[in-house]
Visitor: 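Below: one structure in structure tokens.
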There are 2 protein chains.
Amino acid sequence: MVFLEPFLVSLAEEVGGCDCFFEATTSEFGQIFGVSQQSASRYLMLLEKQGWITRARSEKGFKVSITDEGVSVLKRLERKISSFLNHDSEMTYVGEVVSGIGEGAYYVSKYAEKINETLGYSPYPGTLNVRVHSGKPDLDIKSTIKISGFTSEGRSYGGVGLTPIVLTINRKTIHCHAIIPERTHHKLDLELISKHNFRKEFKAADGDEVRFTVL
Amino acid sequence: MVFLEPFLVSLAEEVGGCDCFFEATTSEFGQIFGVSQQSASRYLMLLEKQGWITRARSEKGFKVSITDEGVSVLKRLERKISSFLNHDSEMTYVGEVVSGIGEGAYYVSKYAEKINETLGYSPYPGTLNVRVHSGKPDLDIKSTIKISGFTSEGRSYGGVGLTPIVLTINRKTIHCHAIIPERTHHKLDLELISKHNFRKEFKAADGDEVRFTVL
DNA sequence: ATTACTATATAGCGAGTAT
DNA sequence: TATACTCGCTATATAGTAA
């Protein structure tokens, strides 16, 4: 058995961020990993084979970056660890209402029937976009309810997850769901749905503070 | 070379929180780790030898919990990962002012001289206690400045770390430091010092929102 | 029932080296 | 210069089993 996670974490640290890469020779990677040049070479190959990194040759070694799949591995790891570390403090996220580009309403209407079947309520055709201050959390967790993809009128709609959320906005508490597209979108914000029109019924406006916990 | 981190993370997930334990037989640990009963037994011994877990025999196996040292390993891991995942979003913490029990002032006065030597300013004898909404972050990082322990008038004072912070409160920005006791305190809140009296000069009051980033 | 030892098979490491 | 192959040695895994 071979664990590649520790190497992925080391690489993540060097790479620095999702859209960055890190360039080094296999010997240097060996130093970073704490193994020989040969083993580093082998691990880089294995990590690529796993689909967790991409490696492109350059004059002085490889340019390495982390794939979406690698990022989900890191997110899963982070969630495991932080669920332990934040056990008592019950993880409250803080963010603010931001403007979406209006496409939420379109998609919600397409998924409405499926959502009703799954969650037992008909969602208001529109989403509340929330920017979380500590960075978009990975909400694809145990309690996430999956809706599989489907085709309608010749157009295919991908699977989504729905994570139950308890949201506080303007001193009101609302039970709602975060939409987690299965095809990893690189959206900065979280999209929330509920049976209510957040903006009308709860006077949610851009910049309003929201707090939520995940169920 | 053997990596114990992945096993520690698996255990952390099962254990659930710092002050909890998890009970299982070595076969069951084997299932969790994805290895045989024999290997699970061996890894539990190694983890204990590392000082990352404690294991106490019970009728049906072992009660396992994670030591302070194990927790720091997890924190280090979390920080590596989240520095990658939150690369662009530049990690802003949000919290609120809470009341301390007043002991801050006493300790700051004891450490004042050392702090002046190290940071070049004489701290106001009192701390601003901040509860971070996303849970107390681990601020024992690269930029943390260490003050070693000392003895004064027959009483010994443990080492502390000082992490530079840029804090915003009531629309004012203050450069200050978070105090990180070396002996892991299990305090929920963060204690901040600066040369200013936060409560007087910046009208900080309990419940006021603060935001800060770490330098 | 357990845990954990011993023995043996296999996986992994890295020196040497071809490319 | 590099990377990454082969191969001998060591480390690790687990079957068998004692305690």
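Each chain gets a letter, A, B and so on, in the order the sequences are listed, and its residues count up from 1.
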Visitor: What is the distance, rounded to the nearest whole Å, between atom CZ of A/Phe33 and atom P of C/dG12?
Guide: 16 Å
Visitor: Restricting to salt bridge (Lys or Arg N to Asp or Glu O under 4.0 Å), what partner residues turn up for A/Glu23, sequence neighbours left out?
Guide: none
Visitor: Between which residue ranges does DNA chain C form stems of three or more consecutive Watson-Crick or G-U wobble pairs, both distances under 3.5 Å?
Guide: C:2-19 with D:2-19
Visitor: I need the CG-P distance between A/Leu44 and D/dA4, as an integer number of Å.
Guide: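 Computing the A/Leu44:CG to D/dA4:P distance gives 8 Å.
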Visitor: Check the phosphate of D/dA4 against A/Arg55, side-chain N and O only, distance under 4.0 Å to OP1 or OP2. Yes or no?
Guide: yes
Visitor: Return yes if a side-chain donor-acceptor contact under 3.5 Å exists between A/Ser156 and A/Thr151, otherwise no.
Guide: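 No pair is found: no donor N or O on one side chain lies under 3.5 Å from an acceptor on the other.
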Visitor: Indicate, with a heavy-atom threshold strictly under 4.0 Å, whether B/Thr25 touches base, sugar-phosphate, or nothing.
Guide: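 Sugar-phosphate: the residue B/Thr25, judged by heavy atoms under 4.0 Å, touches backbone atoms but no base.
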Visitor: May I have the distance from A/Arg57 (atom CZ) to D/dT1 (atom P), rounded to whole angstrom?
Guide: 15 Å
Visitor: Taking only residues two or more places apart in sequence or in another chain, which ones pass side chain to side chain donor-acceptor pair (under 3.5 Å) with B/Arg155?
Guide: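 For B/Arg155, the residues satisfying side chain to side chain donor-acceptor pair (under 3.5 Å) (neighbours in sequence not counted) are B/Tyr107.
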Visitor: Whole-Å distance between C/dT2 P and B/Glu28 CD?
Guide: 8 Å
Visitor: Within this structure, what is the NZ-to-C1' distance between A/Lys63 and D/dT3, rounded to whole angstrom?
Guide: 18 Å
Visitor: Summarise how protein sits on nucleotides 5-19 of chain D as a single string, 5' to 3': B when a protein heavy atom is under 4.0 Å from the base, S for sugar-phosphate-only contact, - for no contact.
Guide: B------SBBBB---
Visitor: D/dA4 C1' sits how many Å from A/Phe29 CZ, rounded?
Guide: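 My rounded result for the distance is 15 Å.
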Visitor: Do you see a donor-acceptor pair shorter than 3.5 Å between the side chains of A/Glu191 and A/Thr127?
Guide: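 Yes, a side-chain donor-acceptor pair sits under 3.5 Å.
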Visitor: In whole angstroms, how far is the C1' atom of D/dA4 from the CG atom of A/Leu47?
Guide: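 The distance from CG of A/Leu47 to C1' of D/dA4 comes to 16 Å, rounded to the nearest Å.
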Visitor: Taking the six-membered ring for Trp, are the ring centroids of B/Phe3 and A/Phe3 within less than 6.0 Å of each other?
Guide: no
Visitor: Let me have the donor-acceptor pairs involving side chains of residues 41-55 of chain B, under 3.5 Å, with sequence neighbours excluded, atom names and distances please.
Guide:
| from | atom 1 | to | atom 2 | distance (Å) |
| --- | --- | --- | --- | --- |
| B/Glu48 | OE1 | B/Arg55 | NH1 | 2.5 |
| B/Thr54 | OG1 | B/Ser65 | OG | 2.8 |

Visitor: Can the ring centroids of B/Phe62 and B/Phe22 be said to lie less than 6.0 angstrom from one another?
Guide: no
Visitor: Phosphate oxygens OP1/OP2 of D/dT3: is one of them under 4.0 Å from a side-chain N or O of A/Thr26?
Guide: yes
Visitor: Can you list every salt bridge (charged side-chain N to carboxylate O under 4.0 Å, His left out) pair that touches residues 112-122 of chain A, not counting sequence neighbours?
Guide: none
Visitor: Please give me the minimum heavy-atom distance between A/Gly158 and A/Tyr111, naming the atom from each residue.
Guide: O-OH, 2.7 Å
Visitor: What is the distance, rounded to the nearest whole Å, between atom CD of A/Glu23 and atom C1' of D/dT1?
Guide: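 Value for this atom pair: 15 Å.
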